[in-house]
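Note that the coordinates shown come from a computational prediction; the quantities given were computed from them, not determined experimentally. Reckoned from all heavy atoms, side chains included, excluding hydrogens, waters and symmetry mates. Remember, it's 1-based here, ligands and their atoms both numbered in the order they're listed.
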Amino acid sequence: MKLLEYEAKEIFAKYGIPVPRTGGVITKPAQIKAALKKAGKGPWVLKAQVLAGGRGKAGGVKLVNTRAEALAAAKAMVGMKIATHQTQGAGLTVREVLVDQAAPIAREIYISVALDRKSECPVMIASAEGGMQIEELALSKPEAILKEKLCALRGIEPFQARRLAFKLGIPPSELGSFVRFATALSRTFLELDASLVEVNPLILTAEGKLMALDGKIVVDDNALFRHAALAERPDVESSAIELAAKKVGINYIGLDGDIGCMVNGAGLAMATMDTVALAGGMPANFLDVGGGATADQVTAAFKIILKDPKVKAVLINIFGGIMKCDVIAQGVLEAVKKVKLEVPLIVRLEGTNVEVGRDLLRRSGLKLTSAESLWDAAQKAVAAVKR
Ligand code: GDP
Ligand code: MN
């Protein structure tokens, strides 16, 4: 789960990380006056609260000097669509705008804690070339990226924080506050069960003080049960269909294509998507019905897939391991009757009792195409949408 900038900054403040004085979040331009008052004297900065970086270049970060400028910026920003290099072409609608007191920037630094899967530990990543896209920097100037591997239990050690401070050229007067900052960042990462905590930029102000000007936190979904307050937060990331799927316990991720896929098991689901692509088609979704694949679950999955108007054919690829193929076939038939399927359906079953299962499908009289193999099924699905 990804947190918005203002949520990350609220958490930072709790951990003792210096953040700008804030006027809070507004959802209507009329709220700007009160927000500015709360943020203290100007200049101020208005920031679109969307789950994407690169807002600065896309008009989502606006520095304002007067109340009139702030109101104009608020009017322009609330409700705007913002497309950055991280939104894959699609625009995100700005519903919340953060109003902060603007900070005078002397230097911008990049710093984050992420999970280093290769080293099997958290790693603190930093660069003196802040403000820049870290991915770009990693390609063009990898030597400018500093790394400290952290103990997964103790977090960063003071000597590691000092080593980073020296390499980053933190002024000696700020050494202590940098060590406190790095320690707090490391604690935030560990205590939140995060997979990423990023501050870009961490700034040195004109007075030489450190401050987190932007924040991004990604919390491991599997650890949400340990963070009740976060788990209750509205899921702004998922689409309406994805939310509906979550409710009935189906793993669903919407994609751009037109072939709806219903598969049991995440690995088989991914293999199915790859095979569809190999056959020249585009999957409309990733969907894992889960181990059970009961008639109810299959019906629920159908309903979810068919909510997507892009879907022009449905491909079912189910492996009868724990469940027998005849039971699955029965489930598919019941589900098809219930949802009044109007697009072509291609079914590939494999596993225990597969012959009985295929026979049931064949004799059902329902309009569906049986496939012999995954490759056969993918080709038939691609042919069905091209028709
Ligand atoms: P992002 O582009 O989505 O990562 O948004 P950021 O919050 O990182 O802002 C982008 C850039 O806007 C920063 O790198 C700064 O250069 C600038 N910026 C953001 N907040 C302030 C501020 O308070 N004062 C000044 N002077 N610049 C700011
Ligand atoms: Mn940023």
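- Residue Lys141 places its NZ atom among 12 or fewer non-hydrogen atoms of other residues, nucleotides or ligands, all under 6.0 Å distant.
- For ligand 1, the polar-atom distance check against Asn200 finds a nitrogen or oxygen pair separated by under 3.5 Å.
- With sequence neighbours excluded, no residue satisfies side-chain contact (heavy atoms from CB on, under 4.5 Å) with Phe225.
- Taking every heavy atom of Pro201 and a limit of under 4.0 angstrom, the matching atoms of ligand 1 come to 8 (O), 14 (O).
- Residues passing the side-chain hydrogen bond (donor to acceptor under 3.5 Å, both in side chains) test with Thr27, sequence neighbours excluded: Gln31.
- Residue contacts with ligand 1, taken as heavy atom pairs separated by less than 4.0 Å, do not involve Asp100 at all.
- Heavy-atom separations between Pro20 and ligand 1 are all 4.0 Å or longer.
- Against a heavy-atom cut-off of under 4.0 Å, Gly53 is close to the following atoms of ligand 1: 3 (O).
- The backbone N or O of Val179 lies less than 3.5 Å from a partner atom in the side chain of Thr183, making a donor-acceptor pair.
- Each of the following atoms of ligand 1 lies closer than 4.0 Å to a heavy atom of Val45: 20 (N), 23 (O).
- Residue contact check: Lys47 has heavy atoms under 4.0 Å from atoms 6 (P), 7 (O) of ligand 1.
- On a distance-only criterion, Val61 and ligand 1 share no N/O pair closer than 3.5 Å.
- The local environment of NZ in Lys310 is crowded, with over 12 non-hydrogen atoms from other residues, nucleotides or ligands closer than 6.0 Å.
- Atom CG of Asp256 has 12 or fewer neighbouring heavy atoms from other residues, nucleotides or ligands inside a 6.0 Å radius.
- The distance criterion of under 3.5 Å between nitrogen or oxygen atoms is met by Ala103 with respect to ligand 1.
- For ligand 1, one of its N or O atoms has an N or O atom of Arg55 under 3.5 Å away.
- Short contacts between ligand 1 and Leu63, defined as distances under 4.0 Å to a heavy atom of the residue, involve ligand atoms 24 (N), 25 (C), 26 (N), 27 (N).
- The atom of Asp214 nearest to the Mn ion (ligand 2) is OD2, with the search restricted to N, O or S atoms.
- Which parts of ligand 1 touch Glu108 is read off a 4.0 Å heavy-atom cut-off, strictly below it: atoms 13 (C), 14 (O), 15 (C), 16 (O).
- Counting only distance, with no hydrogens or angles, the side chain of Glu148 and the backbone of Leu146 share no donor-acceptor pair below 3.5 Å.
- No N or O atom of Lys57 sits closer than 3.5 Å to an N or O atom of ligand 1.
- Counted within 6.0 Å of CZ on Arg233, heavy atoms from surrounding residues, nucleotides or ligands total more than 12; the atom is thus considered enclosed.
- In this structure, Glu174 contributes its side chain and Pro171 its backbone to no donor-acceptor pair below 3.5 Å.
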